[in-house]
Amino acid sequence: MNILILGSGGREHALAWAVKQNPKCDRLIVAPGNAGIAMLAECADIDILDGATVVTFCEENAIDFVIVGPEAPLAAGVADAARAAGLLTFGPSAAAAKLEASKAFTKDICDACAAPTAAWARFTEPDPAKAYIRAQGAPIVVKADGLAAGKGVVVAMSEAEALAAIDDMFGGSLGAAGAEVVIEEFMDGEEASFFILTDGTNALPIGTAQDHKRAGDGDTGPNTGGMGAYSPAPVLTDALQKQAMDQIVLPTIAEMARRGTPYQGVLYAGLMIKDGKARLVEYNCRFGDPEAQVLMMRLGAQALDLMLACAEGRLDEVQVNWADDHALTVVMATQGYPGAYAKGSQIRGLEELPEDSRHMVFHAGTAQRDAQIIATGGRVLNVTARGATLREACDAAYAMIDRIDWPAGFCRRDIGWRALSE
Ligand code: AMP
Ligand code: GLY
């Protein structure tokens, strides 16, 4: 079959890498793609936020299956447009993607199905929001309702910080995303990510992972999109996964179906674990980035079969065949990220690294200029390895990093520390 993947990050490189290994895949196109993706698939520079453009492209290229990577096209209704045109599509409708695109929507769903999550309130005016913050006290969490590219959440350790966040969001710093604000109880604990495929009725857990959001070693420095991840996440024990399925995920899927907006695609549940109990932090309507890199490394070719079963509504017929191993990815970013950074530095040494089912460098912000690979983004490479143990995967990933010659780049040296120290 001919397959189109939408997106251009490390997540989409990992999806393409896994899909390409499946014998069902004939032609693979990624739009818009990047320099690493171009080594294993065709890349097409189209506007992936425009449903009509994507549908026309699929018709012209005889595409049989569309996989939507990032949240922006999902929230823009690209999966709806593709399905309406009769295309088999992996990814939720815009109505279902509200589980990521609106924090207040997700909180309403949690209330409707009694899913454990932080206590909350919603506001459209600054004064009542500030009164609520003063009444609750710090620490407290202030969130813009809409999609804000990772900038919409302020975990405020002081009341002053929370009040400033209110002024900032209602002052228009995040545009329409901040027109409504959700204020939440601060949840203490350990965070982990849980990934579930659902066709709207059936649900299939496909793995756990832990990300590292801060830029610096020891979880210091500013928040980023994620500086490294590993799978599985030992903190999400079988018992906790069962509790999260029973109390959070399955009730959410049922509530979405009851409302006439069934959720189809991957549901990424961000969980906070404390005292042997998981609570929901947030949902995302897509694979995590860089969590997808470690999930795809462990799933390999079967990822396509699972996504097809999901899109075709027959998840009850498939199961996940896990290799009993671990994967770890380290993000290499341009110095300065997540603040301002320079573009165009050259990366050397990639061609000498192993690339097989246990070692892979996924590209995020790269481009090819003549024969050179250059950095064009903040997060640039995801150096990924598998091992029989997490320690083995970690050592293999850092051994690859040490062979990459990129003076303008940096990475954290402690990815995996939580699980490795347990
Ligand atoms: P979100 O975009 O909702 O995932 O929030 C981004 C990050 O903020 C999460 O991954 C958590 O680390 C943190 N966070 C969000 N909500 C809370 C909360 N209620 N309590 C503590 N930390 C939170
Ligand atoms: N790595 C976090 C995310 O994809 O949202």
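Whatever order the structure lists them in is the order used to number ligands and atoms, beginning at 1. What you see is a predicted model, and the numbers here were worked out from it, not measured in a lab.
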Enquirer: Find out whether Met1 and Cys25 are in side-chain contact, i.e. whether some heavy atom of one side chain is under 4.5 Å from a heavy atom of the other.
Expert: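 Answer no - side chains too far apart.
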Enquirer: Please report whether ligand 1 has a polar contact with Met187, defined as an N or O pair separated by less than 3.5 Å (distance criterion only).
Expert: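 Yes, Met187 has an N/O under 3.5 Å of an N/O on ligand 1.
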Enquirer: Take a 6.0 Å sphere around CG of Asp238 and say whether it holds more than 12 heavy atoms from other residues, nucleotides or ligands.
Expert: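 No, CG of Asp238 has 12 or fewer neighbouring heavy atoms, counting only those of other groups under 6.0 Å.
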Enquirer: Are any of the side-chain nitrogens in Arg412 or Asp219 under 4.0 Å away from the carboxylate oxygens of its partner?
Expert: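 Between Asp219 and Arg412 there is a salt bridge, with a charged N closer than 4.0 Å to a carboxylate O.
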Enquirer: Would you mind finding which of Arg279, Met272, Glu191, Glu282 brings a heavy atom closest to atom 12 (O) of ligand 1?
Expert: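 Nearest heavy atom to atom 12 (O) of ligand 1 lies in Glu191.
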Enquirer: If we check salt bridge (Lys or Arg N to Asp or Glu O under 4.0 Å) with Glu180, which of these qualifies: Lys107, Lys103, Arg122?
Expert: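 In the set Lys107, Lys103, Arg122, the residue that makes a salt bridge (Lys or Arg N to Asp or Glu O under 4.0 Å) with Glu180 is Arg122.
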Enquirer: Closest non-hydrogen protein atom to atom 7 (C) of ligand 1, residue and atom name please, with distance?
Expert: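 Of the protein heavy atoms, Val153 CG1, 4.4 Å lies nearest.
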Enquirer: Counting each atom of ligand 2 from 1 as listed, which ones have a heavy atom of Asn284 under 4.0 Å away?
Expert: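 Here the atoms of ligand 2 in question are 5 (O).
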Enquirer: If you measure from each non-hydrogen atom of Val155 to ligand 1, which part falls under 4.0 Å: side chain, backbone, both or neither?
Expert: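 Within the 4.0 Å criterion, Val155 contacts ligand 1 through side-chain atoms alone.
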Enquirer: Quick check on contacts: which atoms of ligand 1 are under 4.0 angstrom from a heavy atom of Lys213?
Expert: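 Contacts of ligand 1 toward Lys213, numbered from 1: 10 (O).
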Enquirer: For ligand 2, is there an atom lying under 4.0 Å from some heavy atom of Pro290?
Expert: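 Yes, Pro290 has a heavy atom closer than 4.0 Å to ligand 2.
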Enquirer: Near Lys143, which atoms of ligand 1 are under 4.0 Å from a heavy atom of that residue?
Expert: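 This gives 3 (O), 15 (C), 16 (N) as the contact atoms.
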Enquirer: With no hydrogens and no angle check, is any side-chain donor or acceptor of Asn382 less than 3.5 Å from a backbone partner on Thr329?
Expert: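 No, Asn382 side chain to Thr329 backbone: no donor-acceptor pair under 3.5 Å.
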Enquirer: Within a distance under 4.0 Å of any heavy atom of Lys103, pick out the atoms of ligand 1 and give their elements.
Expert: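 It comes down to these atoms of ligand 1: 1 (P), 2 (O), 3 (O).
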Enquirer: Can you list the ligand 2 atoms lying under 4.0 Å from a non-hydrogen atom of Glu291?
Expert: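 Once the distances to Glu291 are compared, the set is 1 (N), 2 (C), 4 (O).
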Enquirer: Taking atom CG of Asp324 as the centre, report whether more than 12 heavy atoms of other residues, nucleotides or ligands fall under 6.0 Å from it.
Expert: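 Not buried by this count: 12 neighbours or fewer within 6.0 Å.
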Enquirer: What is the closest protein heavy atom to atom 19 (N) of ligand 1, and at what distance does it sit?
Expert: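 The closest heavy atom on the protein side is Glu184 OE1, 2.7 Å.
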Enquirer: Can you name the atoms of ligand 1, numbered from 1 with element, that are less than 4.0 Å from a heavy atom of Glu185?
Expert: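 Here the atoms of ligand 1 in question are 18 (C), 19 (N), 20 (N).
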Enquirer: Charged N to carboxylate O under 4.0 angstrom, Arg413 versus Asp402?
Expert: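 Yes, charged N to carboxylate O under 4.0 Å.
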Enquirer: Which is closest to atom 17 (C) of ligand 1 by heavy-atom distance: Leu280, Val154, Leu147, Val141?
Expert: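 When every heavy atom of Leu280, Val154, Leu147, Val141 is considered, Val141 comes closest to atom 17 (C) of ligand 1.
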Enquirer: For Tyr268, is the nearest heavy atom under 4.0 Å from an atom of ligand 2?
Expert: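 For ligand 2, residue contact (heavy atoms, under 4.0 Å) with Tyr268 is present.
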Enquirer: So with a 6.0 Å cut-off around CD of Glu190, is the heavy-atom count from everything else above 12?
Expert: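 Yes.
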Enquirer: More than 12 heavy atoms of other residues, nucleotides or ligands under 6.0 Å from NZ of Lys277: yes or no?
Expert: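 Atom NZ in Lys277 is packed in, count exceeds 12.
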Enquirer: Using distance alone, determine whether Gly225 and ligand 2 share an N or O pair under 3.5 Å.
Expert: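 Yes, at least one N or O pair falls under 3.5 Å.
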Enquirer: How far does CH2 of Trp417 sit from NE2 of His212, to the nearest 0.5 angstrom?
Expert: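 Separation between the atoms: 8.0 Å.
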Enquirer: Could you tell me, atom by atom, which parts of ligand 2 come under 4.0 Å of a heavy atom of Gly288?
Expert: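 Result: 4 (O).
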Enquirer: Do Arg298 and Asp325 meet the salt-bridge criterion of a basic N to acidic O distance under 4.0 Å?
Expert: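 Salt bridge: yes.
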Enquirer: So which heavy atom in the protein is nearest atom 5 (O) of ligand 2, and how far is it from that ligand atom?
Expert: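 Scanning the protein heavy atoms, the shortest distance from atom 5 (O) of ligand 2 goes to Arg286 NH2, 2.9 Å.
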Enquirer: Quick check on contacts: which atoms of ligand 2 are under 4.0 angstrom from a heavy atom of Asp211?
Expert: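 The atoms of ligand 2 under 4.0 Å from a heavy atom of Asp211 are 1 (N), 2 (C).
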